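Note that the structure is predicted; figures quoted are calculated from it, not measured.
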Amino acid sequence: MNFFQIKSIATLGEGTFGKVAKAVDLCSELTVALKIIKNVEKYREAAKLEINVLKKLADADPDSKHLCVKMLDWFDYHGHMCIAFEMLGLSVFDFLKDNNYQPYPIDQVRHIGYSVKFVHDNHLSHTDLKPENILFVNSDYDISYNPKKQKRDMRRVRNTDIRLIDFGSATFDHEHHSTIVSTRHYRAPEVILELGWNQPCDVWSIGCILFELYLGITLFQTHDNREHLAMMERILGPLPYRMCRKSKTKYFYHGRLDWDEKSSSGRYVKENCKPLRQLMKRIALQRYMMSDDEDHQQLFDLISQMLQYEPSQRISLDDAMSHSFFSKLPNSLKLHELDKRKEIENRERSHSLSR
């Protein structure tokens with residue numbers, strides 16, 4: 001397919017890298033999302049890295065069964081790197097915002113949260129997982145009246161099939177790892193403390209995303225590192241002494257967070273952040289859970305395991321996909337189970353052929 005003969009229709013979004021436009025290929029009349037990168041060297045290089053990642057993901061998953069956005073073509077237009085993608089719907093963040101931040105039903109949280117294991121299977125960390133980078137394939141919705149909360153109409157997306165986008169910061173395990181990655185609110189503690197990171201940083205981000213989809217609010221609403229760490233301690237308990245001592249950052253005094261609880265920031269954190277779980281238990285407190293039902297308890301158990309400070313103690317995505325919270329997901333959507341069964345079948349087939 002030749003995307004050199006394209007016509008831009010409308011701007012879908014803009015960022016520091018450039019913009020995304022809705023465009024049509026004049027030959028095939030196919031509508032695409034065209035990512036147009038600024039003619040700036042660092043953005044051009046990032047685009048080349050993203051193209052490389054997308055090519056490798058496409059080779060491993062040509063039918064896009066594993067939820068990553070499909071790159072259709074790319075080209076260089078007078079120094080502007082341009083990448084054509086399949087046309088998708090709204091991001092889960094934009095849908096949430098347009099829905100007056102009314103949270104997603106728990107069954108939809110379950111499906112949306114079931115996301116990036118495939119990336120990790122390919123020895124890759126996304127490093128910028130956030131609601132803005134998870135797009136619905138189709139964001140058409142139905143409207144119903146919500147008498148309990150806010151007493152207003154609410155939107156319910158009809159289909160929660162999603163695609164992950166923005167692989168511009170994605171990093172293979174063997175590649176150089178930048179010191180700072182991830183968007184602020186979804187940044188893992190080891191990244192803030194500059195202790196090095198790997199795939200578990202994505203797991204932390206997903207824990208934050210699940211919380212946000214379930215409650216409609218951002219878990220760590222801050223723009224300052226020290227305040228971010230204080231929020232973590234308020235919500236999750238004290239940072240491990242080992243991590244504090246090992247960090248070369250300026251946020252600690254004698255291995256403890258240097259934080260004034262009586263300051264305006266201290267009062268803000270105390271008023272807006274509540275402990276996620278009871279002491280020594282992985283049980284979410286009533287102030288966060290909207291129901292005592294088992295589904296809700298399972299969700300917060302999973303979030304709790306994703307938000308472990310020590311990356312080595314954080315649940316892996318492979319194990320997370322087998323967590324009881326996902327047990328009610330239809331078998332047709334359990335990609336890791338399908339892959340396991342396919343692997344077993346292939347092994348049995350090759351074994352029988354060799355006999």
| query | What pairs with Arg226 under side chain to side chain donor-acceptor pair (under 3.5 Å), at least two apart in sequence or on another chain? | reply | none
| request: Sort and list the pairs that fulfil salt bridge (charged side-chain N to carboxylate O under 4.0 Å, His left out) and have at least one residue in residues 184-193, not counting sequence neighbours. | output: Glu190-Arg314
| query | Does anything in residues 132-147 pair up under salt bridge (charged side-chain N to carboxylate O under 4.0 Å, His left out), and if so which pairs, sequence neighbours excluded? | reply | Asp142-Arg158
| message | Run the ring-ring contact (aromatic ring centres under 6.0 Å, His included) test against His80 and tell me which residues pass, sequence neighbours left out. | response | none
| said: Once salt bridge (charged side-chain N to carboxylate O under 4.0 Å, His left out) is applied, what residue pairs with a partner in residues 77-94 remain, sequence neighbours excluded? | reply: Glu86-Arg163, Asp94-Lys97
| task | With Arg110 as the cation and Phe325 as the aromatic partner, state whether NZ or CZ is under 6.0 Å from the six-membered ring centre and within 45° of the axis. | result | yes
| Point-to-point distance, once rounded to the nearest 0.5 Å, from CG of Leu67 to CD1 of Ile112 | 11.5 Å
| query | Are the charged groups of Glu45 and Lys42 less than 4.0 angstrom apart, N to O? | reply | no
| Thinking salt bridges, do Arg267 and Asp260 make one under a 4.0 Å N-O criterion? | no
| request: Please determine, by modelled atom types, if Asp128 and Thr183 share a side-chain donor-acceptor pair under 3.5 angstrom. | output: yes
| request: Side-chain contact test, heavy atoms from C-beta onward, threshold under 4.5 Å: evaluate it for Ile83 versus Met71 and give yes or no. | output: yes
| message | Less than 4.5 Å apart, side chain to side chain, heavy atoms only: is that true for Glu212 and His185? | response | no
| request: To the nearest 0.5 angstrom, please state how far the OG1 atom of Thr171 sits from the CG atom of Asp173. | output: 9.5 Å
| said: Is it true that Gln297 and Asp293 share a donor-acceptor pair across their side chains at a distance under 3.5 Å? | reply: no
| Closest heavy-atom contact between Pro103 and Met154? | O-CE, 4.4 Å
| request: Measure the acute angle between the ring planes of Phe136 and Phe95, then classify it against the limits of 30° and 60° as parallel, tilted or perpendicular. | output: perpendicular
| About how many Å separate OG of Ser125 and CG of Asn198, when rounded to the nearest 0.5 Å? | 5.0 Å
| said: So Met232 and Ile192, do their side chains get closer than 4.5 Å, heavy atoms only? | reply: yes
| field | Beyond-backbone contact of Asp301 with His323, side-chain heavy atoms, under 4.5 angstrom | value | yes
| task | List in chain and number order the residues that pass side-chain contact (heavy atoms from CB on, under 4.5 Å) with Ala58, two or more places apart in sequence or in another chain; answer none if no residue qualifies. | result | none
| request: Would you verify whether the NZ or CZ of Lys56 falls within 45 degrees of the ring axis of Phe172 while also being under 6.0 Å from that six-membered ring's centre? | output: yes
| message | Going by ring-ring contact (aromatic ring centres under 6.0 Å, His included), name the residues that satisfy it together with Trp204, two or more places apart in sequence or in a different chain. | response | none
| query | With a cut-off of 6.0 Å (strictly less than), are more than 12 heavy atoms of other residues, nucleotides or ligands near NZ of Lys70? | reply | no
| message | Using the side-chain contact (heavy atoms from CB on, under 4.5 Å) definition, which of the options Leu135, Ile165, Ile162, Ile134 pairs with Ser91? | response | Leu135
| task | Verify side chain to side chain donor-acceptor pair (under 3.5 Å) between Asp25 and Ser28, making sure each step is shown before the conclusion. | result | CA-CA 6 Å; Asp25 173 42; Ser28 65; 2.6 Å; yes
| field | Results of side-chain contact (heavy atoms from CB on, under 4.5 Å) for Ser327 - residues two or more places apart only | value | none
| said: To the nearest 0.5 Å, what is the distance between CG on Leu299 and OH on Tyr288? | reply: 13.5 Å
| field | Which atom of Gly255 lies closest to which atom of Cys244, heavy atoms considered | value | O-CB, 3.2 Å
| request: Can you measure from CD1 (Ile36) to OH (Tyr43) and round to the nearest 0.5 angstrom? | output: 16.0 Å
| note | Those residues at least two apart in sequence (or on a different chain) that pass side chain to side chain donor-acceptor pair (under 3.5 Å) with Ser316 are Asp319
| remark: Nearest heavy-atom approach of Val157 to Gln108 is O-NE2, 3.0 Å
| Connected via hydrophobic side-chain network under 4.5 Å: Val40 and Met81 | yes
| task | Only counting residues at least two apart or in another chain, list the ones meeting ring-ring contact (aromatic ring centres under 6.0 Å, His included) with Phe167. | result | His126
| field | His120 versus Asp202, side-chain donor and acceptor atoms under 3.5 Å | value | yes
| query | Got a sec, which pairs hit salt bridge (charged side-chain N to carboxylate O under 4.0 Å, His left out) with one end in residues 213-223, sequence neighbours left out? | reply | none
| Does Gln221 reach the side chain of Tyr268, with side-chain heavy atoms less than 4.5 Å apart? | yes
| query | Side chains of Val24 and Val32: closer than 4.5 Å at any heavy-atom pair? | reply | no
| Does atom CD of Glu310 have more than 12 heavy-atom neighbours from other groups under 6.0 Å away? | yes
| query | Are Thr179 and Glu194 linked by a side-chain donor-acceptor pair shorter than 3.5 Å? | reply | no
| Which residues share a side chain to side chain donor-acceptor pair (under 3.5 Å) with Tyr214, sequence neighbours left out | His296
| note | Correct closest heavy-atom pair for Cys68 and Leu57 would be SG-CD1, 4.2 Å
| said: I need the Glu175 CD to Leu49 CG distance, nearest 0.5 Å. | reply: 7.0 Å
| Going through the checks in order, is the salt bridge (Lys or Arg N to Asp or Glu O under 4.0 Å) test met by Asp258 and Lys250? | CA-CA 9 Å; Asp258 187 11; Lys250 59 187 178 181; over 6 Å; no
| task | Grab the two heavy atoms, one from Ala33 and one from Leu12, that are nearest each other, plus how far apart they are. | result | CB-CD1, 4.3 Å
| request: Flag the pair His228 / Phe220 as yes when their ring centroid distance falls below 6.0 Å, and as no otherwise. | output: yes
| message | Does either side chain, that of Thr249 or that of Ser247, offer a donor lying less than 3.5 Å from an acceptor on the other one? | response | yes
| request: Decide, yes or no, whether a salt bridge links Lys130 with Asp166 under the criterion of side-chain N to carboxylate O below 4.0 Å. | output: no
| query | Taking 4.0 angstrom as the limit, do Glu50 and Lys35 come out as a salt bridge? | reply | yes
| Given side chains that start at C-beta, do those of Leu164 and Leu129 come closer than 4.5 Å, heavy atoms only? | yes
